[in-house]
Number of protein chains: 2
Amino acid sequence: MATRRIRARRGDGALLRDEILCAAEQLLVETGTEDALTLRAVAGRAGVSTPSVYLHFADKEALVEAVCLRVWDELGALFAEAAASCDDPFLALGRCGRAYARFALDHPVQYRVLMMRPSTGEDAAAACLRHMVGAVAACVETGVLRGEPEKLALALWSAVHGCVSLFIAQPSFPWPDDREALIDTVVRAAGFGGAMYSRLPRDLPPSAELAEELDEFGARVTTRTRARAKR
Amino acid sequence: MATRRIRARRGDGALLRDEILCAAEQLLVETGTEDALTLRAVAGRAGVSTPSVYLHFADKEALVEAVCLRVWDELGALFAEAAASCDDPFLALGRCGRAYARFALDHPVQYRVLMMRPSTGEDAAAACLRHMVGAVAACVETGVLRGEPEKLALALWSAVHGCVSLFIAQPSFPWPDDREALIDTVVRAAGFGGAMYSRLPRDLPPSAELAEELDEFGARVTTRTRARAKR
DNA sequence: TCGTCAACTTGACGGCGTCAACCTAGAAGC
DNA sequence: GCTTCTAGGTTGACGCCGTCAAGTTGACGA
């Protein structure tokens, strides 16, 4: 902790950058909050004086953002894995949504800092949306989703981001026991919603009538699915 | 600003509480960020010394929460208005969703502070969910939605919260021009998704097959709606 | 008129982000 | 081997922050 770092050799000044990032990440994960991420604490853990941080980061904000961005590569890998895990693009989309949620809940502090604050995380958000658009586009291509992929992706992204961000930001809220199941519900509902919204007219039939149609549709798909399963 | 406040009379000490809240709310709205809400600035605007704030608020966090909670009554009124504006519960649910989004975007700072931070806003979140459950329950009663109202409400809430929280937290993101339209998409998709998710089997048919079913369903509802419109 | 106590103020403390000025070790030139 | 120079840091200070213990003030009841 308080052990002074041996000064880097000439030309290796950038080594400190990585050590600072590691120290900051440790602090963030250990304490579970970015409030513990003071420049003094980070520098102390890196075995370096406080202003040395400014040799590699413009200000505290830049350090925090850089730390949180470190985990963002994982998201790309998780998405790729989820997308490749299954031939059917609609099922793959669902897995992507679940993978996204897992990623966010695995890195709650980083997710909150980058996604729930103004003036940070624009790049991270762009990456999220880009991945979403990719998974959605495959569904549009096969016709199960209809509409502009951007718009659809934003709607799906909103749903899953909303769910996990509530979990993260309101940890003491009496959520249902099985969060996994709730995420599943949200992802499925968002997917179905995306499939429906551009197929239904703007002027909806009255609820009772719509309910009947929905019942009928649901029953037909269910029986056909069961029949196929028996084959 | 720097004009000293005339000391309240005996028994009227609580008057200061309201004046502090007003000063803080002004600062919050004027600057657009809670970072400007320092105790010194608030006390100064209220014409009072800094530690006087502690006569009415346990700490800064309590002050900030109290300030942000001030606008939350509006949400109840907006929900009630949206729910009463239309007989059909499913349409009313959509209007509730849009009202929720409007509320959040009208009070971005308050919404962010209470909903996107840990250890604050539990009551606010509970209020949001409660209103949602009310609007959803009416839909479940008429059969257009199916399933547990709590679960459904959480899914719908997630979707609209996700959308507005992204808008609020990422103001510099290149969002589509018409945010209103995007909110509309999200609300509609979430509503349809909620209607579908418990009607469809867990094992979905392959995408291509599902796409056909969806097309057929959409076409039937559309033609029937048009026919009804001509009548 | 006077004591009392509610309604504040004073002054200080430690911690924070940030910055200008200073040091210092090790590679380069002679 | 000695000097010089500069990359790679450190020192010490500034102003702002939230918070608190102790002091002050002035309206009201007796």
Side-chain angles (χ1 to χ4, degrees), chain A residues 1-24 27-28 30-31 33-68 109 113 117-120, chain B residues 1-24 27-28 30-31 33-68 109 113 117-120:
Chain A
M1 312 290 164
T3 60
R4 275 268 264 276
R5 194 181 88 108
I6 1 99
R7 186 224 268 278
R9 298 206 300 198
R10 277 209 169 187
D12 290 346
L15 286 180
L16 181 54
R17 190 191 149 90
D18 241 16
E19 297 180 28
I20 290 175
L21 281 175
C22 286
L27 265 170
L28 208 60
E30 282 174 18
T31 64
T33 165
E34 72 269 30
D35 295 341
L37 211 69
T38 69
L39 289 184
R40 283 168 167 84
V42 170
R45 182 167 288 226
V48 121
S49 77
T50 308
S52 292
V53 176
Y54 287 92
L55 296 173
H56 297 284
F57 302 95
D59 52 12
K60 190 196 176 178
E61 197 62 33
L63 166 64
V64 172
E65 179 161 6
V67 170
C68 294
V109 197
V113 169
R117 282 179 158 204
S119 67
T120 350
Chain B
M1 311 295 157
T3 62
R4 275 269 262 278
R5 193 180 89 109
I6 2 98
R7 187 221 268 272
R9 298 204 302 196
R10 275 208 170 185
D12 290 348
L15 286 180
L16 181 55
R17 189 190 149 90
D18 242 17
E19 297 180 27
I20 289 175
L21 281 175
C22 287
L27 265 170
L28 207 60
E30 282 174 16
T31 64
T33 165
E34 70 271 27
D35 295 341
L37 212 68
T38 70
L39 290 184
R40 283 167 167 84
V42 170
R45 182 167 289 227
V48 123
S49 78
T50 308
S52 291
V53 176
Y54 287 91
L55 297 173
H56 297 283
F57 301 95
D59 53 13
K60 190 196 174 175
E61 197 62 34
L63 167 63
V64 172
E65 180 161 6
V67 169
C68 293
V109 196
V113 168
R117 280 177 160 205
S119 67
T120 352

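Distance CZ (A/Arg17) to P (D/dG9): 14 Å, rounded to an integer number of Å. Rounded to whole Å, the distance from CZ on B/Arg10 to C1' on C/dC8 is 12 Å. As rounded to whole Å, 16 Å separates atom C1' of C/dT18 from atom CZ of A/Phe57. Between B/His56 atom NE2 and C/dC8 atom P there is a gap of 6 Å when expressed in whole angstrom units. Rounded to whole Å, atom P of D/dT10 lies 8 Å from atom CG of A/Leu16. If you measure from atom CZ of A/Arg5 to atom P of C/dT24, you get 18 Å, rounded to the nearest angstrom. B/Arg9 has its CZ atom 13 Å from the P atom of C/dC8, to the nearest Å. A/Asp12 places its CG atom 8 Å from the P atom of D/dG8, with the value rounded to the nearest Å.
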Original post:
What's the verdict on side-chain contact (heavy atoms from CB on, under 4.5 Å) for B/Ile20 and B/Ser52, showing C-alpha distance, side-chain angles and the deciding distance?
Top reply: CA-CA 9 Å; B/Ile20 289 175; B/Ser52 291; 5.5 Å; no
**OP:** In sequence, state the C-alpha distance, the side-chain angles, and the governing distance for B/Leu21 and B/Phe57, and then conclude on side-chain contact (heavy atoms from CB on, under 4.5 Å).
**Re:** CA-CA 10 Å; B/Leu21 281 175; B/Phe57 301 95; 3.8 Å; yes
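The minimum heavy-atom distance linking B/Leu37 with B/Ala24 is given by the pair CD1-O, 3.2 Å. Scanning all heavy atoms of the two residues, the minimum distance from A/Ala46 to A/Arg5 falls at O-CD, 3.7 Å.
Contact annotation: A/Ser52 side-chain N/O to D/dG8 OP1/OP2 distance is not under 4.0 Å.
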Which atom pairs link the protein and nucleotides 12-17 of chain D when you take only N or O atoms and keep those under 3.5 Å?
| unit_1 | atom_1 | unit_2 | atom_2 | d |
| --- | --- | --- | --- | --- |
| D/dC17 | OP1 | B/Thr38 | OG1 | 3.4 |

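Listed for the B/His56 side chain is no donor-acceptor partner under 3.5 Å among the backbone atoms of B/Asp18. At distances below 3.5 Å, at least one donor-acceptor pair connects side-chain atoms of B/Thr120 with backbone N or O atoms of B/Pro118. A donor-acceptor pair under 3.5 Å is absent between the side-chain atoms of B/Thr33 and the main chain of B/Ala36, judged by distance alone.
Across all strands, A/Arg7 comes closer than 4.0 Å to base atoms (heavy-atom distances).
Residue B/Arg4 places its side chain closer to C/dT9 than to any other of C/dT9, D/dG18, D/dG9.
Projected onto DNA chain D by closest heavy-atom contact, B/Thr50 and A/Leu55 fall at different nucleotides, the more 5' of which corresponds to A/Leu55.
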